[in-house]
Number of protein chains: 2
Amino acid sequence: MPDLNDQLGQQGVTLADRVFARLRQAIVEGEIPSGTKISEPELASEYGISRGPLRDAIGRLEACHLVERRPNVGARVVSLTQEDLLELYLLREALEGMAARLAAERMSGRDIDELRKLLKQHQERAELQEGIAYFQTEGDLDFHYRIIKASGNVRLIKLLCDDLYHLMRMYRFQFGMASSRALIAFREHGHIVEAIADRDPEMAELIMRRHIRSSRINVELLFDEKAPKGARATPAIRSASAANGAGAAPPL
Amino acid sequence: MPDLNDQLGQQGVTLADRVFARLRQAIVEGEIPSGTKISEPELASEYGISRGPLRDAIGRLEACHLVERRPNVGARVVSLTQEDLLELYLLREALEGMAARLAAERMSGRDIDELRKLLKQHQERAELQEGIAYFQTEGDLDFHYRIIKASGNVRLIKLLCDDLYHLMRMYRFQFGMASSRALIAFREHGHIVEAIADRDPEMAELIMRRHIRSSRINVELLFDEKAPKGARATPAIRSASAANGAGAAPPL
DNA sequence: TGTCGTCCGATTGTTGACAATATTAGGGTA
DNA sequence: TACCCTAATATTGTCAACAATCGGACGACA
């Protein structure tokens with residue numbers, strides 16, 4: 001599982017960079033639950049740094065919509081709403097459809113082979129775990145991630161990988177994923193690869209869009225049966241290491 | 001011409017907010033040319049503020065891709081490349097196509113009338129100036145802006161209006177706009193409104209996508225004849241008030 | 001003469017203290 | 001008892017100084 005956006009390899013890594021990456025992971029994985037107030041003095045002392053770089057990091061979190069900030073009040077971890085998730089799916093449908101089309105046009109033969117290999121790995125793992133863990137292990141996001149990168153559109157890649165996908169992961173950590181669609185989704189992935197291998201951009205876009213649309217509708221149904229009215233998200237997974245008072249946090 | 005994103009009306013406006021808005025405008029409108037190094041001490045003294053909020057503002061500029069930052073080196077105003085502009089158009093095609101579809105589904109009748117009125121105003125002005133100034137006066141962006149907002153998709157709106165559109169404006173200030181397409185574009189706007197008024201989402205998306213694609217191809221041709229090889233942008237418009245040494249900058 | 005290494009200056013990253021604002025607790029009054 | 005006003009407290013926004021890093025100039029050496 002390659003890191004979603006590896007900022008390794010670049011030269012200088014500042015303090016704010018590290019605390020940003022760390023906070024993002026903590027938020028996405030639910031260690032800091034939705035709606036939590038981000039206290040600057042508290043976090044600063046926990047990480048053993050000053051408020052300067054911390055504020056910088058919080059600013060970046062705000063930029064990718066993981067926290068919301070109000071002047072003179074503070075920042076809170078975003079509260080994920082049903083509507084927001086559906087909007088996210090609509091966006092993904094348009095953007096990843098485009099990515100699939102571009103990938104079919106520009107992806108190298110070697111990368112297509114790599115993609116096939118990835119699916120084969122997923123298949124073995126999926127068979128092993130009887131299809132229940134395809135989403136949880138993020139094999140799904142990994143697949144989508146590769147196609148996005150294969151699009152070659154720098155701005156599209158940044159947008160999806162740096163911003164939207166962390167939000168998607170956050171939703172998955174909170175709500176879990178319906179495993180009923182795992183097998184279907186896996187097959188659809190296969191069809192997408194086929195379309196790309198056939199160099200059929202329109203087909204690749206079509207299937208990708210349908211793929212994401214199906215996911216969205218599945219989520220909609222899930223929401224409707226669980227919470228009839230558009231209710232806020234109540235965290236399902238608990239923080240593993242949120243209650244470890246002071247000390248905490250290995251050095252950056 | 002309403003402000004693209006009015007942060008008026010909200011309560012507390014911090015120093016960083018104001019300097020951010022100001023810097024963004026200066027960059028977009030070419031007052032601070034492409035590729036310029038952003039010197040923190042210099043700007044801080046010019047605006048009469050400390051480096052703290054200034055760094056915050058620069059961070060936000062980086063978030064919307066108006067400046068690029070390297071650790072321990074500094075920030076530079078982005079250099080607009082031909083490839084980047086074409087990527088931008090591809091993104092717009094997907095996103096605004098989606099916006100037009102959603103607008104056709106959800107726009108209120110009253111807002112449609114408003115949109116018609118806007119086009120009528122544009123027509124009068126366009127006739128007055130013989131079609132040459134449709135793009136320059138940003139009537140074009142204004143039209144697109146309304147449809148985006150009418151989509152009702154909060155995330156889509158933020159993405160397009162807060163980030164991508166400032167970049168588009170920056171390109172227009174640098175390269176100017178081909179006025180040859182002004183009349184055509186105006187007519188296409190009319191068709192889009194008709195499709196929306198007909199509550200025909202598919203048609204609205206189709207026309208919007210074609211509209212933006214035509215613009216892109218027009219830009220491509222323009223680039224090809226001007227600079228055969230993918231050359232960097234050389235600023236065409238000069239800063240009006242860049243040379244006013246010290247003093248400068250009315251208070252924030 | 002060209003290249004490498006070192007040093008210096010300047011800029012950025014970071015820190016801690018100060019000022020301004022919002023939240024909350026408490027008391028007074030209708 | 002409920003509501004409003006006031007004051008205390010804590011948090012955020014801002015500032016100025018310190019430390020770390022980078023870019024360029026100068027000079028030594030092949």
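All figures in this text were calculated on a predicted structure; none of them were measured in a lab. Every chain is numbered from 1 and lettered A, B, ... according to where its sequence line falls, protein lines coming before strand lines.
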May I ask you to check whether A/Ser108 and A/Asp111 show a side-chain donor-acceptor distance below 3.5 Å?
-> yes
Taking the side chain as every heavy atom from C-beta outward, state whether A/Leu164 and B/Arg155 have any atom pair closer than 4.5 Å.
-> yes
Are the side chains of A/Leu80 and A/Leu85 in touch, meaning some heavy atoms are under 4.5 Å apart?
-> no
Between B/Asp17 and B/Arg60, is there a side-chain N and carboxylate O pair less than 4.0 Å apart?
-> yes
Salt-bridge criterion met for B/Glu40 and B/Arg51 (N-O under 4.0 Å) = yes
What's the CG-C1' distance between A/Leu54 and C/dG13, to the nearest Å?
-> 14 Å
Contacts under 3.5 Å, N or O only, protein and nucleotides 10-16 of chain D:
residue	atom	partner	partner atom	Å
D/dT12	OP1	A/Ile38	O	3.2
D/dT12	OP2	A/Glu40	N	3.3
D/dG13	OP1	A/Asn72	N	3.4
D/dG13	OP2	A/Arg55	NH1	2.3
D/dG13	OP2	A/Arg55	NH2	3.0
D/dG13	O3'	B/Thr14	OG1	2.9
D/dG13	N7	A/Arg51	NH2	2.8
D/dG13	O6	A/Arg51	NH1	3.1
D/dT14	OP1	B/Thr14	OG1	2.7
D/dT14	OP1	B/Leu15	N	2.4
D/dT14	OP2	B/Thr14	OG1	2.7
D/dC15	OP2	B/Ser50	N	3.0

